[in-house]
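For reference, positions follow the sequence shown, starting with 1.
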Amino acid sequence: MAKYLLNDAVSLPETAFELSEHLGFSSTKPAMWAWYEMAGAVLSHYVVDQHARLTGMFNWFYNDLGFCARDNYFSVEAADLSYCVLKRQGNSTTLSILLILLAKQLDLTLEAILLPGNTVLKSQINDVVKYYDPLTGKELNRHQLHALVRGELGNAAKLKPSHLKPATLKRLISRMLHELKAGCIVNQKFESAMECCNLLLQWHPDDVHLNRERAFIAQQLGCIKVAMSDLQHFIDLSPHDPVIELVKIQLKELSQHTEVYH
């Protein structure tokens, strides 16, 4: 797989479409043309009142265009922005990205809030802050936001101010890559999953949990020495991690395997 270097000069939707093509999922050009068509069509909903403008955009997006959550929610397709714009199905992250871009066309600001396990949207118009579910366009109150956090982290989890901090573009694309990686693992597309890990490690070289994930993927590909190296890196840098003993057992078991070359 050709080397694709992530850097800080990223943009949406271009970077997301290019990543999809690089990983072998969708072609950039059809997705870009579909995006240009949407970006032009949304301008017909430009009205003076900002609240009405946002409501009009949501109605058009969900009701007229028919965007919705993909049934196979944790699939590669749901996490692929190119697939989302072409098939009008996605997950909370891909749908959020499209809505953020469309809002920008209407001089509105939507921001992505990366809750654990869910991406939601934040709007601030005339100092009025509202949150929206990108899967439906419906408004979310703080109780519902807290329920999303508890659903992912457990009933004792609190809704922290840090949970509601708007994501940078880098963090948003990183989440998309994490979700693509997870979809690849579910679909046993391990070479693409490996490349997702490699790309993420360019931006997050200190995230040793990515090394542990890459070790699992490398093992599925028969690349035992790579897996052992990543597990040893995890052990060296995270000696007090709760899973450290399990990782040591994994490393010991791998040391008994023979490297398989591909």
Side-chain angles (χ1 to χ4, degrees), residues 12-13 16 38 42 45 47 49-75 77-81 83-85 87-183 186:
L12 287 171
M38 286 179 58
V42 75
H45 298 278
V47 294
D49 183 84
Q50 289 182 300
H51 290 287
R53 206 183 307 164
L54 183 62
T55 300
M57 184 190 75
F58 280 146
N59 287 334
W60 172 73
F61 186 78
Y62 296 103
N63 298 328
D64 297 346
L65 297 185
F67 275 89
C68 62
R70 179 166 169 76
D71 287 341
N72 192 358
Y73 188 82
F74 297 103
S75 64
E77 291 81 6
D80 179 359
L81 188 68
Y83 185 95
C84 181
V85 73
K87 301 297 183 180
R88 301 183 180 180
Q89 298 177 355
N91 64 16
S92 62
T93 301
T94 49
L95 291 170
S96 287
I97 290 172
L98 283 183
L99 286 164
I100 288 167
L101 293 170
L102 290 169
K104 189 175 181 180
Q105 292 292 106
L106 296 176
D107 295 329
L108 296 170
T109 299
L110 286 178
E111 296 178 295
I113 305 296
L114 305 186
L115 297 181
N118 292 276
T119 303
V120 301
L121 291 165
K122 175 186 176 182
S123 166
Q124 184 168 345
I125 299 175
N126 299 327
D127 296 326
V128 177
V129 174
K130 293 184 178 182
Y131 299 92
Y132 295 94
D133 181 355
L135 301 178
T136 62
K138 295 182 179 178
E139 188 176 347
L140 297 168
N141 58 36
R142 290 186 71 88
H143 175 76
Q144 291 168 315
L145 293 171
H146 192 191
L148 289 174
V149 173
R150 292 202 312 271
E152 188 70 19
L153 301 182
N155 286 331
K158 296 181 179 180
L159 180 63
K160 302 176 182 178
S162 60
H163 287 144
L164 300 180
K165 183 179 179 181
T168 63
L169 183 56
K170 182 175 175 179
R171 285 184 64 219
L172 184 56
I173 294 178
S174 292
R175 169 162 285 197
M176 188 193 73
L177 264 175
H178 272 290
E179 291 168 349
L180 282 168
K181 168 173 54 66
V186 169

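- Note that CG of L99 is 4.0 Å distant from CZ of F61, once rounded to the nearest 0.5 Å.
- Here Y132 pairs with nothing under the side-chain hydrogen bond (donor to acceptor under 3.5 Å, both in side chains) rule; sequence neighbours left out.
- Within the 4.5 Å cutoff, the side chain of L106 has no heavy atoms near those of the Q50 side chain.
- Using modelled atom types, no side-chain atom of E179 and backbone atom of M176 make a donor-acceptor pair closer than 3.5 Å.
- The heavy-atom pair separating D49 from H51 by the smallest distance is OD2-N, 3.1 Å.
- Distance alone, capped at 3.5 Å, is enough to place a donor-acceptor pair between the R53 side chain and the V47 backbone.
- With sequence neighbours left out, E152 forms a side-chain contact (heavy atoms from CB on, under 4.5 Å) with P116.
- When all heavy atoms are compared, the tightest approach of H146 to A157 is NE2-O, 2.8 Å.
- Looking only at side-chain heavy atoms (C-beta outward), F58 and K138 stay at 4.5 Å or farther from each other.
- A donor-acceptor pair under 3.5 Å is formed between the side chain of H163 and the backbone N or O of K160.
- The two residues C84 and G90 have their closest heavy-atom pair at SG-CA, 4.1 Å.
- For the pair L115 and L164, the minimum side-chain heavy-atom distance is below 4.5 Å.
- Heavy atoms from other residues, nucleotides or ligands lying under 6.0 Å from NZ of K87 number 12 at most.
- Expressed to the nearest 0.5 Å, how far CG of L169 lies from OG of S174 amounts to 9.0 Å.
- Of all the heavy atoms in R70 and A78, the pair that sits closest is CD-N, 3.8 Å.
- Between the side chain of H45 and the main chain of A52, no donor-acceptor pair closer than 3.5 Å is present.
- Using modelled atom types, no side-chain atom of T109 and backbone atom of Q124 make a donor-acceptor pair closer than 3.5 Å.
- When the shell of 6.0 Å around CG of D64 is examined, it contains more than 12 heavy atoms from other residues, nucleotides or ligands.
- Atom CG of L54 sits about 9.0 Å away from atom CG of L121, to the nearest 0.5 Å.
- Residues C68 and L95 come closest through the heavy atom pair O-CD1, 3.8 Å.
- Using modelled atom types, one side-chain atom of R175 and one backbone atom of N118 make a donor-acceptor pair closer than 3.5 Å.
- Counting only distance, with no hydrogens or angles, the side chain of D133 and the backbone of L135 share a donor-acceptor pair below 3.5 Å.
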